[in-house]
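The chain is numbered in sequence order, starting from 1. All values below were derived from every heavy atom in this structure, side-chain atoms included, with hydrogens, water molecules and symmetry-related copies excluded.
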Amino acid sequence: MEDRDKDVVVISLDRPQRRNSLDYDSGRRLLEAVVGAARSVDVRAIVLRGTGEAFCAGDDLAAIEGFRAGDVGVAPASADTGEAFYLKVCEELLLAPKPVIAAVRGAAIGPGVELACAADLRVGGPGTRLGCGLIHAGHVGVAAMLRRVVGPARATEIFLTGRMVEAAEASRIGLLDRIAPNDQSVTDTAITLAQQLAAGPTKAIGLFKDMRERCEGQSALYALRLQDRYHQLSHNEVADSEEGLRALRERRQPRFAGR
């Protein structure tokens, strides 16, 4: 499900009766919505949320059991390649040339926490819980996105224990960037933050995200030179940079166009 609020698109995981766990249909629809919003020149920010009481409980267990029984058409993965839909969604969120906010109300488990960690910022509520129960099923995961946010040692501990990280701890370790006053206001808080970012120089935000991904895993010396290259691109390719500098000189708020 997708809603538009001016320059902000709100994409909803919409299987509340299954805690927004992913099967084939919901995974495919989520990927299609994220691809459309990420690549649209008219969208300047994305909010990803879950309807009901959970953000995303991971893969639907009934779909996984059906897949193991030979029904490949029910799993939340491409029928052609077998690639999990949530992996492609994470890629699109990471590379989207605009800010992405995850509104994490309730539980985010397994692939759900990976989706949240693929966002640039995460907003939760007092009842938000994030983690991975894959160890209880003898499966592996959360070594990609969760590791990027909390580091390899903490991600390992969360995976090995199978525990859920409560909101207060999630805020301390950087797993949540904002905590809304209550669980009911998580989405509104995320949309307000997205609107603020959408009013900024979103072309520069896109360049930053591209630079961030290219710097990942590189040496500091390489990253410094890459950063300098992207700083020069800010002058040459971001039209808003001229407005930003002019606003600084004139001591006023800039009026960015996202170009």
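Nearest approach of Ala167 to Ile179, heavy atoms of both residues: O-CD1, 3.6 Å. For the pair Ala180 and Thr189, the tightest heavy-atom approach, listed with the atom from each and the gap, is CB-OG1, 3.5 Å. Among all heavy-atom pairs drawn from Ala190 and Ile101, the shortest one is CB-CG2, 3.9 Å. Of all heavy-atom pairs between Leu176 and Val123, the closest is CD2-C, 4.1 Å. Closest approach of Thr51 to Arg49, counting heavy atoms only: CG2-NH1, 3.3 Å. Residues Val8 and Ala198 share a closest heavy-atom pair of CG2-CB, 4.1 Å.
The same ILVMFWY cluster, assembled from side-chain heavy atoms under 4.5 Å apart, contains both Val113 and Ile173. Under the 4.5 Å side-chain contact rule for hydrophobic residues, Leu48 and Val149 share a cluster. Transitive grouping of hydrophobic side chains (ILVMFWY, heavy atoms separated by less than 4.5 Å) keeps Met211 and Leu224 in distinct clusters. Note on Val186 and Leu121: same hydrophobic cluster, where clusters join Ile, Leu, Val, Met, Phe, Trp and Tyr whose side-chain heavy atoms are under 4.5 Å apart, directly or indirectly. Residues Met145 and Leu175 fall into different hydrophobic clusters, defined by Ile, Leu, Val, Met, Phe, Trp and Tyr side chains chained together at heavy-atom separations under 4.5 Å.
Ion pairing between a basic and an acidic side chain is recognised when a charged N comes within 4.0 Å of a carboxylate O; Arg148 and Glu213 show such pairing. The pair Asp120-Arg212 meets the salt-bridge criterion, with a side-chain N (NZ, NE, NH1 or NH2) lying under 4.0 Å from an Asp/Glu carboxylate O. Checked for salt-bridge contact, Glu216 and Arg147 meet the test: a charged N lies under 4.0 Å from a carboxylate O. Salt bridge present: Asp25 and Arg28 bring a charged side-chain N and a carboxylate O closer than 4.0 Å.
Here the side chain of Thr202 pairs no donor or acceptor atom with the backbone of Arg44 at under 3.5 angstrom. When atom types are taken as modelled, the side chain of Thr156 and the backbone of Pro152 share a donor-acceptor pair closer than 3.5 angstrom. A distance-only check finds a donor-acceptor pair linking the side chain of Asp240 to the backbone of Ala257 [under 3.5 Å]. A side-chain donor-acceptor contact under 3.5 Å links Asn236 to the backbone of Gln232. Between the side chain of Glu92 and the backbone N or O of Leu31, no donor-acceptor pair lies under 3.5 Å. No donor-acceptor pair closer than 3.5 Å links the side chain of Ser12 to the backbone N or O of Asp14. Put simply, the side chain of Lys88 never gets that close to the backbone of Val35: no donor and acceptor are under 3.5 Å apart. Without hydrogens or angle criteria, Asp60 side chain to Asp23 main chain gives no donor-acceptor distance under 3.5 Å. A donor-acceptor contact shorter than 3.5 Å is absent between the side chain of Arg251 and the backbone of Leu248. Between the side chain of Lys209 and the main chain of Leu93, a donor-acceptor pair closer than 3.5 Å is present.
Within a 6.0 Å sphere centred on CZ of Arg15, heavy atoms belonging to other residues, nucleotides or ligands number more than 12. No more than 12 heavy atoms of other residues, nucleotides or ligands lie within 6.0 Å of CZ in Arg178, so this atom counts as exposed by the packing criterion. The local environment of CD in Gln253 is sparse, with at most 12 non-hydrogen atoms from other residues, nucleotides or ligands closer than 6.0 Å. Counting heavy-atom neighbours within 6.0 Å of Arg246 CZ, excluding the residue itself, gives a total above 12. A 6.0 Å sphere centred on CD of Glu32 holds more than 12 heavy atoms belonging to other residues, nucleotides or ligands. Within a 6.0 Å sphere centred on CZ of Arg163, other residues, nucleotides and ligands contribute more than 12 heavy atoms.
A distance of 5.0 Å separates CG of Leu146 from SG of Cys117, quoted to the nearest 0.5 Å. Here the CG-CD distance, from Leu130 to Glu169, works out to 10.0 Å after rounding to the nearest 0.5 Å. Atom CD1 of Ile135 sits about 4.0 Å away from atom CZ of Phe159, to the nearest 0.5 Å. In this structure, the separation between SG on Cys132 and CD1 on Ile158 is 9.5 Å, given to the nearest 0.5 Å. Atom OG1 in Thr187 sits 7.5 Å away from atom CZ in Arg105 (nearest 0.5 Å). A distance of 9.0 Å separates OG in Ser26 from CG in Asp59, rounded to the nearest 0.5 Å.
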- Task: Kindly determine whether Glu243 and Arg259 satisfy salt bridge (charged side-chain N to carboxylate O under 4.0 Å, His left out), including the steps that lead there.
- Result: CA-CA 10 Å; Glu243 162 63 10; Arg259 297 182 177 85; over 6 Å; no

- Message: Between Leu115 and Cys90, is the side-chain contact (heavy atoms from CB on, under 4.5 Å) condition met? List the steps.
- Response: CA-CA 6 Å; Leu115 289 171; Cys90 287; 4.0 Å; yes

- Message: What verdict does the side-chain hydrogen bond (donor to acceptor under 3.5 Å, both in side chains) test give for Asp188 and Ser185, after you've listed the backbone C-alpha separation in whole Å, the side-chain angles of each residue and the deciding distance to 0.1 Å?
- Response: CA-CA 5 Å; Asp188 288 341; Ser185 61; over 6 Å; no

- Message: Go through it in stages, so that I can follow the logic: the residues are Leu207 and Val238, the test is side-chain contact (heavy atoms from CB on, under 4.5 Å), and I'd like the CA-CA distance, side-chain angles, deciding distance and then a yes or no.
- Response: CA-CA 9 Å; Leu207 276 180; Val238 180; 3.5 Å; yes

- Message: I'd like to know whether Val34 forms a side-chain contact (heavy atoms from CB on, under 4.5 Å) with Ile11, so could you lay out the CA-CA distance, the side-chain angles of the two residues, the decisive distance to 0.1 Å, and finally the verdict.
- Response: CA-CA 7 Å; Val34 167; Ile11 298 173; 3.9 Å; yes

- Task: Would you check, one step at a time, whether the test side-chain contact (heavy atoms from CB on, under 4.5 Å) holds for Leu22 with Tyr86?
- Result: CA-CA 8 Å; Leu22 299 172; Tyr86 87 88; 4.1 Å; yes

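Proximity of Pro97 to Ile205: side-chain heavy atoms (C-beta onward) are nowhere separated by under 4.5 Å. Annotation: side chain of Pro201 is in contact with side chain of Phe256 (closest heavy-atom distance under 4.5 Å).
Checked against the 6.0 Å centroid threshold, Phe208 and Tyr230 do not count as a close aromatic pair.
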